[in-house]
Asks: 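What follows is a single structure, and I will ask about it in a moment.
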Amino acid sequence: MRVNDKELYVNEILGLLEQEYPQARTTLLYKTPFQLLVAVVLSAQTTDKQVNKITSSLFEEVSGPDDVLSLGITLLKEKIKGAGLYHQKSQQIMETSRLLCEKYDGVVPQNRKELMSLPGVGRKTANVILGTAFDIPALAVDTHVSRVSRRLGLTAGKNVLEIEKDLCRVVPTQKWSSIHHRLINHGRQICQARKPFCEHCLLKLYCKYYTENKELPKI
DNA sequence: AACTCGGGGCA
DNA sequence: TGCCCAGAGTT
């Protein structure tokens with residue numbers, strides 16, 4: 001497929017996704033970049049429903065890293081109980097808050113290197129923050145995005161870096177944060193790993209696994 | 001690339 | 001019960 005055809009193809013897919021998911025905002029609750037950071041850290045191995053339950057009360061008291069410090073590790077752990085892996089996450093959030101206050105004047109940095117130096121913040125979380133809170137072009141590739149991208153033939157890569165690189169070539173990154181949420185919603189609601197609802201999928205004619213009747217990658 | 005970490009919701 | 005969830009860190 002030529003590059004122009006590929007762009008056309010991607011634009012058609014993005015148009016259908018926009019039609020399916022008109023609202024282009026995150027399902028995660030947050031008002032400050034720091035709250036987004038905490039919400040994304042909590043979301044590992046935890047359903048967004050559970051994350052929202054925790055953050056809706058936590059964020060009444062916590063809006064910046066200094067609030068976490070004054071809360072203390074014991075109360076913090078108590079408040080995020082219910083998230084998966086909350087023992088290590090409470091320590092990571094505490095340490096990250098301490099680093100932000102001491103080295104970054106309490107402000108969440110706006111570049112990937114510094115973000116990833118914070119405990120609990122990996123490449124995916126860093127890219128979500130850059131793209132969503134700061135509107136900086138950054139593609140956050142998680143399991144849903146990688147699965148949907150592979151099924152639609154937007155990438156041939158398997159690991160996240162390859163997929164991120166492939167997507168950068170075909171997706172308009174200035175609109176990424178909205179596209180990101182749509183790909184995720186599609187992956188969670190329709191294009192599920194084990195039981196995809198292909199009959200309800202607006203994109204099925206673009207899916208090589210559907211049209212070629214191949215076995216779906218189940219990631 | 002494989003492995004560990006592990007609370008809670010849901011069938 | 002068994003499976004899964006908007007991952008990161010270490011080896």
Side-chain angles (χ1 to χ4, degrees), chain A residues 17 20-21 23-31 33-59 73-74 76-97 99-100 108-109 112-134 138-151 157-164 167 171 176-197 216-219:
Chain A
L17 273 176
E20 189 171 4
Y21 306 101
Q23 81 295 0
R25 46 189 187 80
T26 176
T27 56
L28 291 174
L29 263 40
Y30 73 98
K31 289 176 188 162
F34 179 75
Q35 288 182 339
L36 177 61
L37 189 156
V38 173
V40 179
V41 169
L42 290 178
S43 67
Q45 298 304 96
T46 309
T47 57
D48 60 334
K49 195 174 173 184
Q50 195 70 7
V51 172
N52 282 336
K53 193 189 296 180
I54 294 170
T55 53
S56 63
S57 88
L58 179 67
F59 291 168
I73 183 70
T74 309
L76 176 65
K77 185 182 282 192
E78 186 69 29
K79 285 199 160 290
I80 70 171
K81 187 186 289 184
L85 315 178
Y86 75 94
H87 292 97
Q88 59 196 56
K89 283 180 187 171
S90 58
Q91 295 190 2
Q92 288 171 335
I93 292 171
M94 183 59 67
E95 178 65 9
T96 285
S97 302
L99 279 171
L100 286 176
V108 178
R112 186 181 292 127
K113 188 178 178 182
E114 289 179 331
L115 282 171
M116 287 181 66
S117 75
L118 301 168
V121 179
R123 188 177 183 89
K124 187 243 166 182
T125 304
N127 282 0
V128 170
I129 294 169
L130 291 174
T132 304
F134 299 133
L139 311 190
V141 176
D142 59 20
T143 54
H144 294 299
V145 172
S146 67
R147 181 175 68 251
V148 173
S149 300
R150 285 171 59 190
R151 288 178 177 175
K158 292 194 83 171
N159 69 55
V160 287
L161 278 181
E162 288 172 357
I163 295 172
E164 188 178 319
L167 288 179
V171 168
W176 175 248
S177 65
S178 59
I179 293 169
H180 174 67
H181 300 304
R182 288 180 179 129
L183 284 177
I184 283 186
N185 286 335
H186 184 67
R188 292 198 312 178
Q189 297 171 26
I190 307 288
C191 196
Q192 297 182 3
R194 304 280 174 181
K195 288 185 188 173
F197 298 103
L216 291 161
K218 297 191 191 309
I219 298 183

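Chain identifiers are assigned alphabetically (A, B, ...) following the order of the sequence lines, protein sequences preceding nucleic acid strands; residue numbering begins at 1 within each chain. Worth saying up front: this structure is predicted, and the values here are computed from it rather than measured.
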Asks: Can you check the A:L42 CG to B:dG7 P distance for me, whole Å?
Replies: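 Going from CG in A:L42 over to P in B:dG7 covers 15 Å.
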
Asks: Contact class for A:L36 vs. all strands (heavy atom < 4.0 Å): base, sugar-phosphate, or nothing?
Replies: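 Nothing, no heavy atom under 4.0 Å.
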
Asks: Under 4.0 Å between a side-chain N/O of A:R194 and OP1 or OP2 of C:dC4, yes or no?
Replies: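 Answer is yes, contact under 4.0 Å.
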
Asks: Report the distance from atom OH of A:Y86 to atom C1' of B:dG8, rounded to the nearest whole Å.
Replies: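 Going from OH in A:Y86 over to C1' in B:dG8 covers 11 Å.
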
Asks: Taking the side chain as C-beta and beyond, is there a heavy-atom pair between A:L130 and A:R112 under 4.5 Å?
Replies: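 Sidechains of A:R112 and A:L130: in contact.
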
Asks: Using atom CH2 of A:W176 as one end and atom C1' of C:dA6 as the other, report the distance to the nearest whole Å.
Replies: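 Taking CH2 of A:W176 and C1' of C:dA6, I get 12 Å after rounding.
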
Asks: Rounded to whole angstroms, how far apart are CD1 on A:I129 and P on C:dG7?
Replies: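 A:I129 atom CD1 is separated from C:dG7 atom P by 14 Å.
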
Asks: In whole angstroms, how far is the P atom of B:dG6 from the NZ atom of A:K81?
Replies: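 From A:K81 NZ to B:dG6 P: 15 Å.
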
Asks: If you assign each of A:G122 and A:T47 to its closest nucleotide in DNA chain C, which residue comes earlier from the 5' end?
Replies: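 Per heavy-atom nearest nucleotide, the more 5' residue is A:T47.
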
Asks: What contact category does A:H180 fall into here, base, sugar-phosphate, or nothing, at under 4.0 angstrom with non-hydrogen atoms?
Replies: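 If one applies the 4.0 Å heavy-atom cut-off, A:H180 turns out to touch a base.
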
Asks: State whether A:R188 places a side-chain N or O below 4.0 Å from either non-bridging phosphate oxygen (OP1 or OP2) of C:dA6.
Replies: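 Yes, within the criterion.
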
Asks: What is the nucleic acid contact for A:V128, judged by heavy atoms within less than 4.0 Å: base, sugar-phosphate only, or nothing?
Replies: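 Result for A:V128 = nothing.
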
Asks: Considering only heavy atoms from C-beta outward, does the side chain of A:L17 approach that of A:H186 to under 4.5 Å?
Replies: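 SC-SC contact between A:L17 and A:H186 confirmed.
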
Asks: Give one of base, sugar-phosphate or nothing for A:G84, where a contact means two heavy atoms less than 4.0 Å apart.
Replies: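 Contact class for A:G84: base.
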
Asks: Any side-chain heavy-atom pair from A:V51 and A:L28 closer than 4.5 angstrom?
Replies: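 SC-SC contact between A:V51 and A:L28 confirmed.
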
Asks: Looking at DNA chain B, which of residues 50-57 of chain A put a heavy atom within less than 4.0 Å of it?
Replies: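 Output list: A:Q50, A:K53.
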
Asks: Any side-chain N or O of A:T125 less than 4.0 Å from the OP1 or OP2 oxygen of C:dA8?
Replies: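 Affirmative; the distance criterion is met.
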
Asks: Send over the distance from A:Q92 CD to B:dC5 C1', rounded to a whole Å.
Replies: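 Nearest whole value for this atom pair: 10 Å.
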
Asks: According to a strict under-4.0 Å criterion, is A:K49 in side-chain N/O contact with OP1 or OP2 of B:dC10?
Replies: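 Looking at the OP1 and OP2 atoms of B:dC10, one of them is under 4.0 Å from a side-chain N or O of A:K49.
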
Asks: On DNA chain C, nearest-nucleotide positions of A:G120 versus A:L28: which is more 5'?
Replies: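 On the 5' side of the pair lies A:L28.
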
Asks: Choose from C:dA6, B:dG7, C:dG7 the nucleotide whose nearest atom is closest to any side-chain atom of A:A44.
Replies: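 Per side-chain heavy atoms of A:A44, the pick is C:dG7.
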
